Amino acid sequence: MIRIYNTLSQQKEDFQPIQPGKVRMYVCGMTVYDYCHLGHGRVLVAFDVITRYLRHRGYDVHYVRNITDIDDKILRRADENGERFTALTQRMIDAMHEDERRLGVLAPTEEPRATDFVDEIVAMIRVLINKGHAYAADNGDVYFSVDSFKDYGKLSKKRLEDLLAGARVDVEQAKKSPADFALWKAAKPGEVSWPSPWGDGRPGWHIECSAMSSHCLGDTFDIHGGGPDLLFPHHENEIAQSECATGKHFVNVWMHAGAIRVNREKMSKSLGNFFTIREILDKYPPEVVRYFLVSSHYRSQVDYSEDNLVEAGRTLERLYHALRGVLPAKNVPEGEFDRQFHETMDDDFNTAGAMSVLHGVANELNQARRDGDEHRSRELAAVLVRLGGVLGLLQQDPEAFFKAGLSDLTEEQVEALIEARANARKDKNFAEADRIRDELLEKGIILDDSREGTSWRRG
RNA sequence: GGCGCGGUGGCAGAGUGGUUAUGCAGCGGACUGCAACUCCGUGUACGCCGGUUCGAUUCCGACCCGCGCCUCCA
């Protein structure tokens, strides 16, 4: 039985999908006006691991992750760049897909875009108005009336009166209540717009997720996820819109990833302390970045730092080192390690605990190799690759992993130097042998001698 | 101020009412020409103060500290 922490109930719950064997999951994706930073990467990787694990456990997972491609910030950025907003969004979507691919994130089942669902959005707003949950204001905007939904605040545990007490002074005059939020925003002259019963305009921020999730997964589904800063107001507002429009319970399990921090502060656009995925991948191998993300629990806060990434790299090397030169066996049945892995992953996707299991496999694999037990080695290598694969790790050829990113020297040059050193060693000319080893080390190549010969890796 | 989360050994990071997390770094040993890799061994860890208990890092309460949300943000 898989247990998942539900933000709504603030505790772990046994996971029971609505339809046995099938999981319907929606995750809030990107608003595409800039490159993805590591915080986005965290969410991408977290829900990628969750999807992989649920599938590993036999569930048929329908994973929807949206793209919000119309929004104030997009329009402003496109305007600054002097380009059509669609040119900006397409460029960012392409970049996002490239980042995902490099981090080993599998494509979601569906990736709906807000601009493809304006009709559904307008229809949902119309229902909300008809039911008395929304109103068209004089300025052409349509607002959701927070007072009309008695459960407002149930996800974020906020009370409406507290929100109103803290409301800023410069509230939009057209709103009946300061906590009301826009479902539809009237277009200013010259702005891109779609027609609607309330005049030309564009969707407000939250409504697209309500419309798209209903369309792709139905009015009630199993899991809804996203980043920590979406809990309020975005997810709270989604609940209000969806439950008022459909009259049904919206989502069973709400999941939120923890924040990525820099110097103990949340990495965020507004603080400007963010690192984009692509700039991080210029410094560290993609799988090291993924390992870093997966090695702590998805709900905990983690600090992005040079030290942490370097350590992640060393640790990942240890796992690949165990696999190096061993051909994994085929059709190895599940055993004790799989059981341990499932036990910890069943507990709210405890990837940190799962890493401990992987190291246990690596340790036993290294012992088998030391003892020359080839059968056992190949079996354990298969287990390690299988369990690593559930986390999206250890799928590369170890040789490729160790030799990736070679710059100063070609492989042929390295091999030639290794052969020269081997000859020097044969002649007991250890001074020359060490000189060659130091020369290689200076160029970032580390040598590992063994009975079978010398292998090398990038340091 | 309101709401929420967290404080674990040098660092990172799981977990548990009594028994080893794990990794990195360090130390000792084996292996090695020497290293590296690997293996074996090695650490008075659980913010502070009370309470419950035969026994608490693990449950309860107070306190201190940190972080997040309350406004756009994954």
Side-chain angles (χ1 to χ4, degrees), chain A residues 7 10 27-31 33-34 36-47 71-73 76 153 156-159 161-168 170-171 179 205 225-234 236 256-261 264-272 274 291-292 295-297 299-303 305 307-319 321-322 324 340 344 347 350-360 362-363 365-367 369-371 424-425 428-431 433-434 437-438 441 446-451 454-457 459:
Chain A
T7 309
Q10 299 178 98
V27 172
C28 287
M30 252 47 75
T31 299
Y33 69 101
D34 204 346
C36 294
H37 65 232
L38 192 60
H40 300 107
R42 175 89 184 278
V43 173
L44 255 15
V45 169
F47 286 96
D71 146 275
D72 290 359
K73 289 190 292 298
R76 192 187 323 133
S156 57
K157 320 300 172 202
K158 293 184 189 304
R159 294 185 309 174
E161 58 195 90
D162 293 337
L163 290 172
L164 297 180
R168 301 197 302 181
D170 58 333
V171 289
W205 175 32
D229 32 24
L230 294 183
L231 206 162
F232 186 88
H234 185 60
E236 193 69 63
H256 293 92
I260 297 285
R261 308 195 306 175
R264 318 206 78 225
E265 252 186 351
K266 193 182 82 163
M267 181 182 289
S268 74
K269 295 275 187 178
S270 43
L271 289 173
F274 60 89
Y291 185 93
F292 165 68
S295 60
S296 62
H297 187 90
R299 278 191 287 116
S300 66
Q301 301 185 128
V302 299
D303 278 285
S305 72
D307 286 353
N308 289 162
L309 268 291
V310 167
E311 184 183 321
R314 286 203 190 104
T315 306
L316 185 61
E317 273 180 27
R318 172 181 143 78
L319 295 176
H321 210 100
R324 196 172 196 182
Q340 287 175 16
T344 184
D347 183 12
N350 186 350
T351 51
M355 294 318 311
S356 161
V357 177
L358 294 199
H359 284 289
N363 188 253
L365 171 51
N366 284 327
Q367 287 178 43
R369 297 184 64 172
R370 177 198 61 191
D371 299 341
R425 291 177 74 199
K428 305 278 186 212
N429 185 355
F430 296 120
D434 289 351
R437 185 169 63 194
D438 290 344
L441 185 61
I446 296 169
L447 301 186
D448 297 311
D449 291 333
S450 74
R451 278 181 186 72
T454 300
S455 59
W456 58 273
R457 62 195 154 95

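The structure displayed is predicted, hence computed values, not measured ones.
Judged by distance alone with a 3.5 Å cut-off, a donor-acceptor contact links the side chain of Asp449(A) to the base of A35(B). Side chain Arg437(A) to base A36(B): no donor-acceptor pair is found below 3.5 Å. Residue side chain Ser270(A) reaches the base of C72(B) through a donor-acceptor N/O pair under 3.5 Å, judged by distance alone.
Distances shown here put every side-chain N or O of Asn363(A) at or beyond 4.0 Å from the OP1 or OP2 atom of U22(B). Contact annotation: Lys266(A) side-chain N/O to C69(B) OP1/OP2 distance is under 4.0 Å. Of the side-chain N and O atoms in Gln367(A), one or more sit less than 4.0 angstrom from OP1 or OP2 of C40(B). The phosphate of G2(B) (OP1 or OP2) has no side-chain N or O of Arg159(A) nearer than 4.0 angstrom. At least one side-chain nitrogen or oxygen of His40(A) sits closer than 4.0 Å to the OP1 or OP2 atom of A74(B). The side chain of Thr7(A) contributes no N or O atom lying less than 4.0 Å from OP1 or OP2 of C5(B).
G7(B) and U58(B) are spaced 11 Å apart, taking the P atom of each and rounding to whole Å. Nucleotides U19(B) and C73(B), compared at atom C1', are 46 Å apart to the nearest Å. Comparing the C1' positions of G17(B) and U57(B) gives a spacing of 10 Å, expressed to the nearest Å. U8(B) and A45(B) have their P atoms separated by 14 Å, with the value rounded to a whole Å. On the C1' atoms, G9(B) is 8 Å away from C46(B), given to the nearest whole Å. Distance check on atom C1': G4(B) versus G23(B) gives 31 Å, rounded to whole Å. Going from the P atom of C49(B) to that of C64(B) covers 15 Å, rounded to whole Å.
Across the strands present, U58(B) finds no partner; the criterion is a Watson-Crick or G-U wobble pair with both atom distances under 3.5 angstrom. Nucleotide C69(B) is matched to G2(B) when pairs are restricted to Watson-Crick or G-U wobble geometry with both distances under 3.5 angstrom. The pairing partner recorded for G10(B) is C24(B), the criterion being a Watson-Crick or G-U wobble arrangement whose two distances lie under 3.5 angstrom.
Using a 4.0 Å heavy-atom criterion, one finds that Ala257(A) contacts no nucleic acid atom at all. Using a 4.0 Å heavy-atom distance criterion, Arg264(A) is classed as a sugar-phosphate-only contact. If you check every strand for non-hydrogen atoms under 4.0 Å, Ser300(A) touches sugar and phosphate atoms only. In this structure, Ser296(A) reaches the sugar-phosphate backbone alone: every heavy-atom distance under 4.0 Å involves primed, P, OP1 or OP2 atoms, never a base. Arg324(A) comes within contact range of no nucleotide atom at all, as no heavy-atom separation falls under 4.0 Å. If you check every strand for non-hydrogen atoms under 4.0 Å, His37(A) touches a base. Lys73(A) comes within 4.0 angstrom of the backbone, heavy atoms only, and of no base. In this structure, Gly258(A) reaches the bases: a heavy-atom distance under 4.0 Å links it to at least one base atom across the strands shown. Within 4.0 Å of Phe232(A), counting heavy atoms only, lie sugar-phosphate atoms of the nucleic acid but no base atom. In this structure, Arg261(A) reaches the sugar-phosphate backbone alone: every heavy-atom distance under 4.0 Å involves primed, P, OP1 or OP2 atoms, never a base. Among the atoms of the strands shown, base atoms are found under 4.0 Å from some heavy atom of Ile260(A). Base contact: Asp229(A) has a heavy atom under 4.0 Å from a base atom. Looking at heavy-atom distances under 4.0 Å, Ser268(A) makes contact with a base. Ser455(A) comes within 4.0 angstrom of no nucleic acid atom, judged by non-hydrogen atoms across all strands.
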Stepwise side-chain contact (heavy atoms from CB on, under 4.5 Å) test for Arg437(A) and Asp434(A)
CA-CA 5 Å; Arg437(A) 185 169 63 194; Asp434(A) 289 351; 3.4 Å; yes
Verify side-chain contact (heavy atoms from CB on, under 4.5 Å) between Leu44(A) and Met30(A), making sure each step is shown before the conclusion.
CA-CA 10 Å; Leu44(A) 255 15; Met30(A) 252 47 75; 3.8 Å; yes
Could you go step by step and tell me if Asn366(A) and Arg318(A) meet the side-chain contact (heavy atoms from CB on, under 4.5 Å) rule?
CA-CA 10 Å; Asn366(A) 284 327; Arg318(A) 172 181 143 78; 4.1 Å; yes
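Contact annotation: the side chain of Lys73(A) never approaches that of Lys269(A) to less than 4.5 Å [non-hydrogen atoms, C-beta and beyond].
Atom CE of Met355(A) sits about 8.0 Å away from atom CG of Leu316(A), to the nearest 0.5 Å. Taking CD1 of Ile260(A) as the reference point, atom OG of Ser268(A) lies at 12.5 Å (rounded to 0.5 Å).
The nucleotide whose nearest atom lies closest to any side-chain atom of Asn350(A) is, among G15(B), C24(B), C34(B), G15(B).
Aromatic ring pairs are classed by plane angle as parallel below 30°, tilted from 30° to 60° and perpendicular above 60°; the pair Tyr291(A) and His359(A) is perpendicular.
If you find the closest nucleotide of RNA chain B to Val43(A) and to Gly353(A), the one lying nearer the 5' end belongs to Gly353(A). Summary of the strand contacts: Thr344(A) and Gly226(A) both lie near RNA chain B, and taking for each the nucleotide with the nearest heavy atom, the more 5' one is attributed to Thr344(A).
The residues Arg457(A) and Glu317(A) are annotated as salt-bridged, a charged nitrogen and a carboxylate oxygen being separated by less than 4.0 angstrom.
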